[in-house]
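Below: the structure, in structure tokens.
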Amino acid sequence: MENKLVIYNTLTRKKEDFKPLHAPNVGLYVCGPTVYGDGHLGHARPAITFDVLFRYLAHLGYKVRYVRNITDVGHLEHDADAGEDKIAKKARLEKLEPMEVVQHYLLRYHKAMERLNVLPPSIEPHASGHIIEQIEFVKKILKAGYAYESEGSIYFDVEKYNQKFHYGKLSGRNIDELLETTRDLDGQSEKRRSVDFALWKKASPEHIMHWPSPWSEGFPGWHLECSAMGTKYLGEEFDIHGGGMDLMFPHHECEIAQSCAALGKESVKYWMHNNMITINGQKMGKSLGNFITLDEFFTGNHPLLSQPFAPMTIRFFILQAHYRSTVDFSSEALVASEKGLVRLMEAYTRLQKLTPSATSTVETAGLRDKCEAAMCDDLNTPIVISHLFDAAKAINTVHDGKGTISEADLTELKAVFKLFIETVLGLQTEKVASESNDAYKKAIDLLLQMRLDAKNNKDWATSDKIRNELTALGFTIKDTKDGFEWNL
Ligand code: ZN
């Protein structure tokens, strides 16, 4: 079958045939995490979405260079042009070296990604490691006349840029409206217009992360790192730029403006954006009390969760929705997802043990083409999953002795299941059974109950042995007044 991948390009707002600039090489850039705070679902969705794209492109035979950056400098919570960097603030409050803060969160992020079976990208560049490239990029924009200096900081001149290019083309924002509503600066600001954004910011004396530049001792604006690192590793023009929908404005809009201003052309051919995640119908937010970290999902240690959820359940749940649809998390929805995943994996295990017959009475022959067609249609993973469930029914029919499958069909079915479940969707069988499995939890509870009984009988040797062995396996055990609590 000929593979004809079609992807939705946010820039043109339509599905387009995927034609790489330099086939078989493909350049893919995805905005990675801001290394601050614990990994949460908002991190998991783009990571899983673009992991599946990365996997599928490789399956189609492309040689993908996947760059996912680490924002470890200059990303400010509310306004990229004012205030204090989150990493710097935490470092200052806790008297840590800023890179200590970065390392701490980066390790946690990588661990969570590994558990979600997200493949590492080809290059994971840090913004703080590319200050020189960012300064060079600012110089190019200044030279082209689309930026100005003010009090040691450099700002992008949005109005001037918009006279030649189109600021707002990606997000569909109206620049005239933006300029109109932001005209009344009080004269206190260094910027000509509040829509202008910082390319380089002079550091205030208390700012602890700063570097020398031709303009001031300071730090780069947030949007700049992706323009600088994207073009450094993928070239001035590359194929795909991805990220969450929340980054479309201002981040990606500013990236386009920076690249057009510096290079005189668009850098990115296809823009892809994953939709957002809500929790029980609400936006995620610390103030709403519904901010659940990935670790809390894995341990079940959050009031909104009825139980722990295996990383594979989280992954499966995300893939059950199309990446351009919103996903609403709730404990009930995750429980349903977990049941579905267990059913699918049960069929996958049964498939390995089926005995072939002379002929097939179950219909599985078209599965590969159907799954390929769904993936080629803008990565329609929910349709792939529904085809796999249809095939699971056929497997169970044969397993129950109510149907037969030929040797050829069986071989093909095994190959297709392996390809789509493991290689493309990235679902790992062994990680499904662990952690959230009921029998497993009951077995641990049983062991700890036996330990409690031993303790009550003053059988310290047995009680200590159970505790020590479980601790060595990575469990944390806590005695409470009603009994015990444990976590892995
Ligand atoms: Zn970015």
Side-chain angles (χ1 to χ4, degrees), residues 5 7-12 16-35 46-75 113 118-141 144 165 169-170 199 220-244 247-248 251-274 323 379:
L5 178 60
I7 50 177
Y8 182 86
N9 190 348
T10 318
L11 191 63
T12 57
E16 294 177 20
D17 289 340
F18 177 62
K19 292 200 183 83
L21 293 159
H22 310 287
N25 296 304
V26 170
L28 167 65
Y29 187 96
V30 175
C31 290
T34 298
V35 177
I48 291 170
T49 298
F50 293 103
D51 181 54
V52 168
L53 174 64
F54 182 36
R55 288 163 177 271
Y56 195 61
L57 288 170
H59 159 67
L60 292 180
Y62 293 115
K63 202 170 169 294
V64 189
R65 181 180 293 162
Y66 176 13
V67 180
R68 190 181 66 202
N69 66 302
I70 299 291
T71 295
D72 59 354
V73 60
H75 181 186
M113 290 303 118
V118 169
L119 297 173
S122 327
I123 307 177
E124 201 170 37
H126 286 227
S128 65
H130 295 76
I131 301 296
I132 292 168
E133 286 84 350
Q134 296 183 69
I135 289 173
E136 290 306 309
F137 218 93
V138 176
K139 284 185 191 165
K140 279 187 192 158
I141 299 173
F165 301 94
K169 66 195 289 186
L170 179 70
L199 297 172
W222 167 38
H223 314 304
L224 194 61
E225 62 183 73
C226 292
S227 290
M229 298 190 291
T231 53
K232 175 178 168 97
Y233 294 110
L234 299 173
E236 290 190 358
E237 288 171 279
F238 59 90
D239 299 300
I240 306 173
H241 191 314
L247 295 179
M248 224 156 42
H251 185 53
H252 291 159
E253 199 74 66
C254 292
E255 268 189 56
I256 292 178
Q258 290 166 160
S259 298
C260 284
L263 311 168
K265 61 188 169 194
E266 293 264 344
S267 284
V268 177
K269 194 169 175 195
Y270 306 94
W271 282 89
M272 293 177 77
H273 291 93
N274 64 271
Y323 74 90
L379 311 181

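When a residue number appears, it is its place in the shown sequence, counting from 1.
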Task: Non-hydrogen side-chain atoms of V64 and L53 separated by less than 4.5 Å - done: no

Task: Test item: I70 and P125 side chains (from C-beta on) under 4.5 Å apart, heavy atoms - done: no

Open item on the list: Is there a side-chain contact between F50 and N274 in this structure, where contact means two heavy atoms from C-beta onward sitting under 4.5 Å apart?
Closed with: yes

- [ ] Look at atom CD1 of I132 and say whether more than 12 heavy atoms of other residues, nucleotides or ligands are closer to it than 6.0 Å.
- [x] no

Open item on the list: Set out, in order, the CA-CA distance, both residues' side-chain angles and the distance that settles ring pair (Phe, Tyr, Trp, His ring centres under 6.0 Å) for F18 and Y56, then state yes or no.
Closed with: CA-CA 13 Å; F18 177 62; Y56 195 61; over 10 Å; no

- [ ] Give the ring-plane orientation class for W271 versus H273, where under 30° counts as parallel, over 60° as perpendicular and anything between as tilted.
- [x] parallel

Task: Listed partners of E133 passing side chain to side chain contact (heavy atoms under 4.5 Å, CB included), at least two apart - done: H130, A228, K232

Task: Straight-line distance of Y233 OH to F238 CZ, nearest 0.5 Å - done: 13.5 Å

TODO: Output the distance between atom CG (L379) and atom CZ (R55), rounded to the nearest 0.5 Å.
DONE: 13.0 Å

Open item on the list: Tell me if a side-chain donor or acceptor on Y270 pairs with a main-chain N or O of K19 at a distance below 3.5 Å.
Closed with: yes

Open item on the list: Quick one, V67 and M229 - any side-chain contact, counting heavy atoms below 4.5 Å?
Closed with: no

Open item on the list: I want to check something: taking the side chain as every heavy atom from C-beta on, are N69 and Y29 in contact at a cut-off of under 4.5 Å?
Closed with: yes

TODO: On the 0 to 90° scale, with breaks at 30° and 60°, tag the H252-H241 ring pair as parallel, tilted or perpendicular.
DONE: perpendicular

Open item on the list: Test your reading of the model: is there a side-chain donor-acceptor pair from N9 to the backbone of K269, 3.5 Å cut-off?
Closed with: yes

- [ ] Give every residue pair that meets the salt bridge (Lys or Arg N to Asp or Glu O under 4.0 Å) criterion with at least one member in residues 60-70, sequence neighbours excluded.
- [x] R68-E124

Open item on the list: Could you check whether any side-chain heavy atom of V268 comes within less than 4.5 Å of a side-chain heavy atom of L11, counting everything from C-beta outward?
Closed with: no

Open item on the list: Quick check on side-chain contact (heavy atoms from CB on, under 4.5 Å): which of L224, V138, T231, L263 does Q258 satisfy it with?
Closed with: L224

- [ ] Mind checking the CD1-CG spacing from I240 to L57? Nearest 0.5 Å is all I need.
- [x] 5.0 Å

Open item on the list: Would the distance check show the side chain of D239 and the main-chain N or O of L28 forming a donor-acceptor pair, the cut-off being under 3.5 Å?
Closed with: no

- [ ] Please confirm whether the backbone N or O of P220 pairs with a side-chain atom of E225, one donor and one acceptor, at under 3.5 Å?
- [x] no

TODO: Provide the closest heavy-atom pair for G27 versus L234 in the form atom of the first, atom of the second, distance.
DONE: CA-CD2, 3.8 Å

Task: Exercise: identify the closest heavy-atom pair between A262 and F137 - done: CB-CE2, 3.6 Å

TODO: Mark yes or no for whether E253, through its side chain, and L170, through its backbone, hold a donor-acceptor pair below 3.5 Å.
DONE: yes

Task: Between OG on residue S227 and NZ on residue K140, distance to nearest 0.5 Å - done: 11.0 Å

Open item on the list: Distance check, rounded to the nearest 0.5 Å: H223 atom NE2 versus L247 atom CG?
Closed with: 10.0 Å

- [ ] Answer yes or no: does atom NZ of K265 have more than 12 heavy-atom neighbours from other residues, nucleotides or ligands under 6.0 Å?
- [x] yes

- [ ] Measure from the side-chain N and O atoms of S267 to the backbone N and O of E237, and report whether any donor-acceptor pair falls under 3.5 Å.
- [x] no

Open item on the list: Quick check for you: to the nearest 0.5 Å, what is the distance between S259 atom OG and E266 atom CD?
Closed with: 8.5 Å

